[in-house]
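Positions are given from 1 along the sequence. Bear in mind that the values here come from a model prediction, so they are computed numbers and not experimental data.
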Amino acid sequence: MTSASPGEAPPALLWLGTLDYEPAWRAMQARTDSATAETPDELWFLEHPPVFTMGMNARAEHLLATGNIPVVDIDRGGQVTYHGPGQLVVYPLLNLAHRGLGVRSLVEGLERAIVATVAEWGIDAHGRRDAPGVYAGDRKLASIGLRIRRGHSYHGLALNVAMDLEPFARINPCGYTGLRMTQVSDLGGPADVQTVAEALAPHLLRELRCEAPPQSATSTWLQDVSSR
């Protein structure tokens with residue numbers, strides 16, 4: 001039997017723990033720049049210490065009062081957002097051609113995976129075509145921002161789980177004045193980031209057109225590489 005090609009095999013699902021933003025970003029860039037047709041896809045699940053990130057077209061007027069939280073100019077699309085402890089960040093490092101995905105289908109797939117995940121806890125959420133991300137009512141639950149280079153994706157999604165939402169008031173989130181944020185734990189879901197990551201993983205695999213490997217009642221989706 002021949003082994004599956006990188007595009008046929010499900011991506012590795014890696015739990016990286018808590019990483020500073022800039023080293024994680026540089027690692028994504030380096031992996032993308034060195035990727036070949038044989039490079040296997042990966043999904044990185046992690047948290048970041050407090051940081052504001054500014055997309056390539058972000059305007060400084062959306063930074064209101066950042067205080068002692070660092071601001072990093074990065075190479076994804078979109079405006080300004082906040083990352084901090086208690087927020088699940090997922091970076092899909094994918095060869096889009098292998099997956100048969102375009103940018104729009106990837107964004108919509110990430111949104112659908114989040115919506116399906118939080119529905120398990122009775123949370124009614126939805127995506128919006130005019131403002132990418134996932135919303136519960138009129139409050140934003142998750143943000144999405146991507147970069148495609150050399151046919152590969154990086155950056156990804158940020159799902160608020162159980163975090164201090166106050167720093168979002170120091171910016172116009174995603175460039176929208178007055179946009180309010182919410183989180184899974186405030187809507188009746190779990191407060192543990194890894195629990196949410198495990199619930200999200202199979203929905204991401206389905207939306208990324210992967211056949212999920214079989215799981216037992218005691219097995220986990222994510223491989224913990226945080227101690228390496």
How long is the span from the [atom1] atom in [X] to the [atom2] atom in [Y], to the nearest 0.5 Å?
| X | Y | atom1 | atom2 | result |
| --- | --- | --- | --- | --- |
| R139 | M181 | CZ | CE | 10.5 Å |
| Y176 | H62 | OH | NE2 | 9.5 Å |
| I123 | S185 | CD1 | OG | 8.5 Å |
| R209 | S105 | CZ | OG | 5.0 Å |
| L208 | L101 | CG | CG | 6.0 Å |
| I69 | I171 | CD1 | CD1 | 9.0 Å |

After noting the C-alpha distance and the side-chain angles of N160 and V184, does the key distance pass the side-chain contact (heavy atoms from CB on, under 4.5 Å) rule? CA-CA 6 Å; N160 304 333; V184 171; over 6 Å; no
One thing to verify: whether R129 and E111 come together as a salt bridge, which I'm taking to mean a side-chain N less than 4.0 angstrom from a carboxylate O.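 A salt bridge is present here (some side-chain N lies under 4.0 Å from a carboxylate O).
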Residues R150 and D33 bridged, charged N to O under 4.0 Å: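 The answer is no: the pair does not qualify as a salt bridge.
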State, with a plain yes or no, whether a side-chain heavy atom of [X] is found less than 4.5 Å away from one of [Y].
| X | Y | result |
| --- | --- | --- |
| W221 | L205 | yes |
| E42 | Y91 | no |
| H155 | W25 | yes |
| T53 | V80 | no |
| R149 | Q29 | yes |
| V72 | M54 | no |
| D192 | V161 | no |
| W15 | L46 | no |

Donor-acceptor pair, distance only, cut-off 3.5 Å: does the side chain of [X] make one with the backbone of [Y]?
| X | Y | answer |
| --- | --- | --- |
| E47 | G86 | yes |
| R147 | D75 | yes |
| Q183 | M163 | yes |
| N95 | D41 | no |
| E198 | L222 | yes |
| H83 | P49 | no |

Using every non-hydrogen atom in the two residues, find where [X] and [Y] come nearest and quote the distance to one decimal.
| X | Y | answer |
| --- | --- | --- |
| R99 | P10 | NH2-C, 4.1 Å |
| K140 | S143 | CE-OG, 3.6 Å |
| A58 | Q79 | CA-OE1, 3.1 Å |
| A24 | W44 | O-CZ3, 4.0 Å |
| T39 | A35 | OG1-CA, 3.4 Å |
| P85 | P50 | CD-CD, 3.7 Å |

May I have all residue pairs that pass salt bridge (charged side-chain N to carboxylate O under 4.0 Å, His left out) and include part of residues 52-71, sequence neighbours excluded?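 Passing the test, one end in residues 52-71: R59-E61.
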Salt bridge (charged side-chain N to carboxylate O under 4.0 Å, His left out): which pairs involve residues 173-188, sequence neighbours left out? D138-R180
Please set out all donor-acceptor pairs under 3.5 angstrom arising from side-chain atoms of residues 114-122, sequence neighbours excluded.
residue: T117; atom: OG1; partner: A113; partner atom: O; Å: 2.7
residue: E120; atom: OE2; partner: H203; partner atom: NE2; Å: 2.7

Determine, step by step, whether L106 and L94 satisfy the side-chain contact (heavy atoms from CB on, under 4.5 Å) criterion, reporting the C-alpha distance in whole Å, the side-chain angles of both residues, the deciding distance to 0.1 Å, and the verdict. CA-CA 10 Å; L106 176 56; L94 307 173; 4.1 Å; yes
In one Ile/Leu/Val/Met/Phe/Trp/Tyr side-chain cluster, 4.5 Å: [X], [Y]:
| X | Y | result |
| --- | --- | --- |
| V107 | V90 | yes |
| V89 | V71 | no |
| V134 | V193 | yes |
| V196 | L13 | yes |
| L19 | V51 | yes |

Between Y82 and F168, how do the two ring planes meet: parallel, tilted or perpendicular, split at 30° and 60°? perpendicular
Can you confirm whether more than 12 heavy atoms, excluding those of D124, are under 6.0 Å from its CG atom?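 Result for CG/D124: open.
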Are E207 and L110 close enough, and set up right, to give a side-chain contact (heavy atoms from CB on, under 4.5 Å), and what steps lead you there? CA-CA 7 Å; E207 294 296 342; L110 296 177; over 6 Å; no
Between S153 and L96, does a side-chain contact (heavy atoms from CB on, under 4.5 Å) hold up when you go through it step by step? CA-CA 7 Å; S153 64; L96 297 187; 4.0 Å; yes
